[in-house]
Amino acid sequence: MACGATTKPLLNLELSHSHRPKKPLSLSFCSFTNRPRLSPETLSSQAKDCSKIDIFLSPSLFCRRKPRFQVAAQSDYSSGEEAESLEPDSACQERFSWSSVILPFLFPALGGLLFGYDIGATSGATISLQSPELSGITWFNLSAVQLGLVVSGSLYGALLGSLLVYPIADFLGRRRELIIAALLYVLGGSLTAYAPGLSVLLVGRLLYGLGIGLAMHGAPLYIAETCPSQIRGTLVSLKELFIVLGILLGYFVGSFQINAVGGWRFMYGCSAPIALLMEIGMWSLPPSPRWLLLRAVQGKGSLQEYKEKAILALSKLRGRAPGDEASEKQIEDSLLSLKSTYVEQESEGNILEVFQGPSLKALIIGGGLVLFQQITGQPSVLYYAGPILQSAGFSAAADATRLSVVVGLFKLLMTWIAVAKVDDLGRRPLLIGGVGGIALSLFLLSAYYKFFGGLPFVAVAALLLYVGCYQISFGPISWLMVSEIFPLRTRGKGISLAVLTNFGSNAIVTFAFSPLKELLGAENLFLLFGAIALLSLLFVVVYIPETKGLSLEEIESKILK
């Protein structure tokens, strides 16, 4: 088993004065350059008489104050490449083994990939489903309403899932929620693929959408709560990359199966094996230690039992020996800190607590981002991508599915740039630059339809600028901010509201596009979206804080209060 993490408290919450030792011995297993390492035996002899450890004020998930000396612990279990702090003058960061980080990220991220796959596969499946020759069914002649229900069935399911998870998020926990999401993906994808009629097909689409709602809620929660803080931005943003990969995979499967009889069944059915892999993977992962400690202080079971589960979960997540002493000490310190923080509050917040105090501030930040993410026209611009590219002369070279692959590849490239830079540049610079570019691209699209109809390269440039700027700003960073901005007590409820806002506004923009286009014209519609983008830029500049390098506990204590 790999071990790169070290003895640091799980939750960096400040203890009351009465609990602080007068002369604490500050221990750290973070790595600083040019500092000698002490053996575990030497450390043990130095620390023999110390009963308390200074656990205050640190940016990392398992990190303390800047260390006075350094140790290498659990070397027998150490393997893999370990990340080290590059800023010895700043608060220390957690060392970790990359091999222990991969699976706790990968399996939740498959939930995002399956969401993206549904978007990509549906674009080809709707063409196959309506073909008299290739559908392989007798009920292919769907009305506009029936086709709309097929396309948006998963969206309605996601909306319903977001509503259902709000009151039960903390009861289920992040891991169980993702297990249920994977099961719904398997059932929904299989039922859709083998549907004998339209009614069964719609039920399958609804079940799949329920899985989307739960996965888009649970995945960012689990990843953010279990990964080291210095790579939290990269990993949560990488989940967005998995969504884009899913879209691209759906486009590719659609392009290969578009001429096959009953190809739409294969397009939808391909999601089931991926969902089964996600199901097995989530069973193999431990629960979030933060969630276990939260349930302990809420009095939802035996305190000792939750402590033991948290110790084992932390050991497994960080590649340590099961139930090792380092994890046990971290959980003890973290539990004491958590109790001290919430001693004057109810053990469990009420259902409306997310609309009060720090949680309300977090809701404005997170909910505002996902709202502007949609009402700046993202669904409509991507919906209009085909006609824009066709006007530029690409329609003779490829059909609609291949054009979609081109846009998907560009989205993938720009998302990868955001993933690579989010923990270096920070959230605010990428948001400000990206949203500014979105506004410019929308004004260019409006100008194309109003003034430059004879210059198709303007439309292509504007479309690619929009896609690129969206994928380095709203695309990954909205969900990153949502996953890290809410306090622990209301994180589950807050993220469920953000997911509900996302899918609700997506539905409104998607269904309002056609009537607004007829009422205003394409040039004025994109002008309206451009004005909304400027408003969203103002919102980002005024309200969005920088959370780069901060632990979830520091965000709660420094930004929300």
Side-chain angles (χ1 to χ4, degrees), residues 111-112 114-131 135 137 139-165 181 184-185 187-193 195 197-217 243 246-247 250-251 253-254 264-265 267-271 275 370-371 373-387 400-401 404 408 496 498-518 525:
L114 288 165
F115 170 42
Y117 180 83
D118 182 69
I119 297 173
T122 297
S123 65
T126 52
I127 299 174
S128 174
L129 188 62
Q130 296 180 95
S131 171
S135 64
I137 54 177
W139 41 277
F140 61 85
N141 190 20
L142 302 178
S143 67
V145 173
Q146 290 173 329
L147 181 62
L149 289 174
V150 172
V151 172
S152 60
S154 61
L155 180 60
Y156 289 129
L159 279 168
L160 180 59
S162 303
L163 283 171
L164 291 176
V165 80
L184 289 169
Y185 275 143
L187 292 176
S190 301
L191 197 60
T192 303
L198 179 60
S199 59
V200 177
L201 175 64
L202 293 179
V203 171
R205 298 290 291 145
L206 184 68
L207 288 175
Y208 195 95
L210 285 171
I212 292 174
L214 268 64
M216 293 305 292
H217 176 270
I243 295 176
I247 294 173
Y251 286 158
V253 172
W264 63 272
R265 296 185 184 275
M267 296 176 200
Y268 281 131
C270 272
S271 62
V370 296
L371 177 64
Q373 177 189 32
Q374 300 298 330
I375 64 175
T376 47
Q378 185 261 151
S380 302
V381 172
L382 295 182
Y383 171 82
Y384 221 52
T401 56
S404 299
S496 67
V499 173
L500 180 63
T501 300
N502 175 76
F503 287 117
S505 55
N506 186 316
I508 293 172
V509 172
T510 299
F511 293 118
F513 175 75
S514 293
L516 283 175
K517 179 172 165 290
E518 291 182 6
L525 179 57

Check: [X] side chain, [Y] main-chain N or O, donor-acceptor pair, under 3.5 Å:
X: Ser143; Y: Gln146; answer: yes
X: Ser505; Y: Asn502; answer: yes
X: Tyr156; Y: Leu149; answer: no
X: Tyr251; Y: Ile119; answer: no

Tell me, do [X] and [Y] make a side-chain contact under 4.5 Å, heavy atoms counted?
X: Tyr268; Y: Thr122; result: yes
X: Ile243; Y: Met216; result: yes
X: Ile212; Y: Tyr185; result: yes
X: Arg265; Y: Ile137; result: yes
X: Arg205; Y: Asp118; result: yes
X: Leu210; Y: Leu164; result: yes

Can you name the closest pair of heavy atoms from [X] and [Y] and give their distance?
X: His217; Y: Ser496; value: CD2-N, 3.1 Å
X: Val370; Y: Ala498; value: CG2-O, 3.6 Å
X: Gly111; Y: Ala215; value: CA-CB, 4.0 Å
X: Ser271; Y: Gly189; value: OG-CA, 3.7 Å
X: Gly188; Y: Leu207; value: CA-CB, 4.0 Å
X: Gly269; Y: Ala193; value: CA-CB, 3.6 Å

Just how far is it from atom [atom1] of [X] to atom [atom2] of [Y], taken to the nearest 0.5 Å?
X: Leu201; Y: Leu206; atom1: CG; atom2: CG; result: 11.5 Å
X: Trp264; Y: Thr192; atom1: CH2; atom2: OG1; result: 8.0 Å
X: Asn506; Y: Leu371; atom1: CG; atom2: CG; result: 11.5 Å
X: Phe140; Y: Ser128; atom1: CZ; atom2: OG; result: 12.0 Å

Verdict with supporting geometry, Val150 and Leu198, side-chain contact (heavy atoms from CB on, under 4.5 Å):
CA-CA 9 Å; Val150 172; Leu198 179 60; 3.9 Å; yes
